[in-house]
Amino acid sequence: IGRLENIPFNPWFSDFAPFIDYQTTYGRAFVMGRSDWEYVFNTFAFAYAIGYHFVERTSGSMNGNFLGIGMDLATNASVQVDQSQPFGILITNGEFTAFCDADHTFCPRTAAGRSPRQVVVGTANVGAV
């Protein structure tokens, strides 16, 4: 049982254009693999491709409670759930934005041709979200 509390990921340490471009194209702020009953409180990320990414590891996926989490300026998905345990992921008081500029200069359309989404749940996911 892990705890993550009071963690802000902001890109203000660099205004170098290639860095910002890389972060908004490929960056993932919180990547969650195998964890049982994780407790995440008061976390925030700004200007990443994916804010909260739930993935399957060789040891399994995760479940947990996420309270007061936020992602602003996601250029792919604020929350992307590729996999979670059957017990699921509980998000309470989450604030998410995912958007592009009109001509998609800082967040190109995905291969599927869609714009960013606040929450994306993969078709292979077996847990509750």
Side-chain angles (χ1 to χ4, degrees):
I1 298 175
R3 302 279 187 263
L4 298 172
E5 297 184 8
N6 303 317
I7 301 171
F9 284 133
N10 290 299
W12 313 131
F13 50 84
S14 176
D15 63 355
F16 185 55
F19 175 81
I20 297 297
D21 180 59
Y22 187 88
Q23 180 173 306
T24 57
T25 303
Y26 303 105
R28 299 179 299 164
F30 297 92
V31 181
M32 306 289 188
R34 173 60 195 247
S35 180
D36 295 328
W37 306 109
E38 190 75 21
Y39 177 79
V40 180
F41 173 71
N42 194 28
T43 58
F44 177 78
F46 182 85
Y48 285 84
I50 300 173
Y52 297 83
H53 195 182
F54 300 92
V55 299
E56 177 84 15
R57 306 290 298 180
T58 56
S59 57
S61 54
M62 65 96 57
N63 71 76
N65 180 15
F66 294 77
L67 175 62
I69 66 173
M71 173 63 202
D72 195 359
L73 188 64
T75 59
N76 187 329
S78 293
V79 176
Q80 182 168 326
V81 182
D82 293 341
Q83 191 61 264
S84 68
Q85 293 179 14
F87 303 109
I89 298 167
L90 173 64
I91 298 174
T92 306
N93 194 26
E95 296 182 16
F96 309 115
T97 65
F99 53 88
C100 284
D101 55 335
D103 59 359
H104 288 266
T105 55
F106 72 85
C107 59
R109 292 185 186 275
T110 64
R114 67 175 173 79
S115 293
R117 304 284 190 248
Q118 277 85 8
V119 178
V120 176
V121 179
T123 57
N125 179 53
V126 297
V129 178

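Note that these values count all heavy atoms, side chains included, but never hydrogens, waters or copies made by symmetry.
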TODO: Show the numbers, then the answer: is there a side-chain hydrogen bond (donor to acceptor under 3.5 Å, both in side chains) between Asp21 and Gln23?
DONE: CA-CA 6 Å; Asp21 180 59; Gln23 180 173 306; over 6 Å; no
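Gln83 approaches Val126 most closely through the heavy-atom pair OE1-N, 2.8 Å. Nearest heavy-atom pair across Asn6 and Pro8 is O-CD, 3.6 Å. Residues Asp82 and His53 share a closest heavy-atom pair of OD2-NE2, 2.7 Å. The two atoms that bring Gly51 and Ala29 nearest to each other are O-CB, 3.4 Å, heavy atoms only. Scanning all heavy atoms of the two residues, the minimum distance from Ser61 to Glu56 falls at CB-OE1, 3.5 Å.
Using modelled atom types, no side-chain atom of Arg57 and backbone atom of Arg34 make a donor-acceptor pair closer than 3.5 Å. Formation of a donor-acceptor pair under 3.5 Å by the Glu95 side chain with backbone atoms of Ile69 is not found in this model.
Side-chain contact check for Ser84 and Asn63: no donor-acceptor pair (N or O, by modelled atom type) lies under 3.5 Å.
Arg3 has its side chain within reach of Ile1: a pair of non-hydrogen atoms, C-beta onward, lies under 4.5 Å apart.
Relative ring orientation between Tyr26 and Tyr22 is described as tilted, the plane-to-plane angle lying within the 30° to 60° band.
Leu90 and Phe41 sit in two unconnected hydrophobic clusters of ILVMFWY residues. Membership requires side-chain heavy atoms under 4.5 Å apart, directly or through other members. Clustering ILVMFWY residues whenever any of their side-chain heavy atoms sit less than 4.5 angstrom apart, transitively, puts Met32 in a cluster other than the one holding Phe87. In the hydrophobic cluster analysis, where Ile, Leu, Val, Met, Phe, Trp and Tyr join through side-chain heavy atoms closer than 4.5 angstrom, Leu4 is grouped together with Tyr48.
In this structure, Phe66 has its ring center under 6.0 Å from that of Phe54.
To the nearest 0.5 Å, the span separating OG1 on Thr92 from CG on Asn65 amounts to 6.0 Å.
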